[in-house]
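Written below as structure tokens is the structure these notes are about.
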Amino acid sequence: MKDENKKQVLAQGPTMQLGTELAVVERLVLLNILPKEGDFTTIKLLRKLRENLSFDEEEHKKLMFVQDGDQVRWNEEIASTRQIQIGEKQADIIHDALKKLNDEKKLTNEHFTLYEKFVENREE
């Protein structure tokens, strides 16, 4: 492979990366709806996606998370969104999880914006 072609492939990466702006609540909801099981390659993709959706030290300090039973609370006065890199296959996994919840009539208000981003916008 010529050096020029090699650079182009590396710049594009192995999969298309989707930069998606997600709010704190969207990231938390996604972390909860992702499948817990799958084949080896799916589990690898899910591990990376969970890592990308997770919160770093600085965000923890800024948002002041508090676990209250089954609920997580944070300083909502801080409008915090973050650009999350999501690959095509990872987006497929999210899409399928949301479609499954919709088909089972288990969507809640918390899923609304995610459904718009990963299902409706995709199918138009």
Side-chain angles (χ1 to χ4, degrees):
M1 180 182 282
K2 290 183 178 179
D3 285 340
E4 186 178 309
N5 291 341
K6 191 174 184 179
K7 287 178 186 173
Q8 188 177 11
V9 170
L10 291 174
Q12 291 174 349
T15 61
M16 185 177 101
Q17 292 291 310
L18 310 169
T20 305
E21 193 76 23
L22 296 174
V24 172
V25 68
E26 291 174 318
R27 291 164 63 191
L28 290 170
V29 170
L30 272 179
L31 284 166
N32 282 320
I33 68 166
L34 292 175
K36 308 221 181 329
E37 300 173 333
D39 60 25
F40 181 73
T41 55
T42 301
I43 294 301
K44 281 181 69 173
L45 289 169
L46 284 167
R47 288 178 105 185
K48 181 66 177 167
L49 181 55
R50 281 188 178 92
E51 186 178 304
N52 290 346
L53 291 168
S54 295
F55 299 86
D56 61 23
E57 291 285 333
E58 186 177 319
E59 286 178 300
H60 269 276
K61 287 180 187 175
K62 186 169 82 172
L63 293 167
M64 298 183 287
F65 284 109
V66 175
Q67 184 77 36
D68 186 17
D70 289 342
Q71 294 186 335
V72 176
R73 292 183 289 127
W74 63 92
N75 183 353
E76 292 185 36
E77 292 176 16
I78 298 171
S80 181
T81 60
R82 191 168 111 197
Q83 190 79 4
I84 306 292
Q85 293 301 310
I86 299 173
E88 283 183 88
K89 180 62 179 159
Q90 292 169 331
D92 288 344
I93 293 168
I94 294 169
H95 174 272
D96 293 348
L98 288 165
K99 283 287 281 183
K100 182 179 178 193
L101 287 173
N102 185 57
D103 293 345
E104 295 172 352
K105 300 198 184 306
K106 292 184 178 180
L107 283 179
T108 67
N109 218 23
E110 293 172 331
H111 301 114
F112 188 82
T113 58
L114 292 169
Y115 193 87
E116 286 182 323
K117 289 177 183 179
F118 290 96
V119 179
E120 281 193 347
N121 287 343
R122 190 172 185 192
E123 294 178 352
E124 290 177 350

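The shown structure was predicted, so the numbers you read here are calculated from the model rather than taken from an experiment.
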Are there more than 12 heavy atoms of other residues, nucleotides or ligands under 6.0 Å from atom CD of E116? yes
So how far is it from H95 NE2 to N121 CG, rounded to the nearest 0.5 Å? 11.0 Å
Between L22 and T113, is any pair of side-chain heavy atoms under 4.5 Å apart? no
Say you draw a straight line from CG of L31 to CG of L53; how long is it, rounded to the nearest 0.5 Å? 5.0 Å
Which residues pass the side-chain contact (heavy atoms from CB on, under 4.5 Å) test with E104, sequence neighbours left out? K100, K106
List in chain and number order the residues that pass side-chain contact (heavy atoms from CB on, under 4.5 Å) with Q83, two or more places apart in sequence or in another chain; answer none if no residue qualifies. E21, Q85
What are the two closest heavy atoms between I33 and A97, and how far apart are they? O-CB, 3.8 Å
Above 12 or not: heavy atoms from other molecules or residues under 6.0 Å from NZ of K105? no
CG (L46) and CD1 (I93) are apart, to the nearest 0.5 Å, by 4.5 Å
Applying side-chain contact (heavy atoms from CB on, under 4.5 Å), can you list everything that pairs with K48, at least two apart in sequence or on another chain? E51, N52, Q90
State the CG-CG distance between L98 and D103, to the nearest 0.5 angstrom. 11.0 Å
Pairs touching residues 53-68 that satisfy side-chain hydrogen bond (donor to acceptor under 3.5 Å, both in side chains), sequence neighbours left out: R27-E59, E59-R82
Candidate pair V24 and F55, rule side chain to side chain contact (heavy atoms under 4.5 Å, CB included), full reasoning: CA-CA 9 Å; V24 172; F55 299 86; 4.0 Å; yes
Looking at CD1 of I94 and CG of L49, how far apart are the two atoms once the value is rounded to the nearest 0.5 Å? 5.0 Å
Could you walk me through whether L101 and T108 pass the side chain to side chain contact (heavy atoms under 4.5 Å, CB included) test, one step at a time? CA-CA 9 Å; L101 287 173; T108 67; over 6 Å; no
Let me see the working for F112 and V29 under side chain to side chain contact (heavy atoms under 4.5 Å, CB included), right down to the final yes or no. CA-CA 11 Å; F112 188 82; V29 170; over 6 Å; no
Only counting residues at least two apart or in another chain, list the ones meeting side-chain contact (heavy atoms from CB on, under 4.5 Å) with D39. T41, T42
Could you go through residues 71-80 and list every donor-acceptor pair under 3.5 Å that involves a side-chain atom there, pairing it with any protein atom two or more places apart or in another chain?
residue: N75; atom: OD1; partner: E77; partner atom: N; Å: 3.1

Distance (rounded to the nearest 0.5 Å) between N32 CG and D70 CG: 10.0 Å
Quick one: closest heavy-atom pair of F118 and T20, and the distance? CZ-CG2, 4.0 Å
Stepwise side chain to side chain contact (heavy atoms under 4.5 Å, CB included) test for T81 and E26: CA-CA 9 Å; T81 60; E26 291 174 318; over 6 Å; no
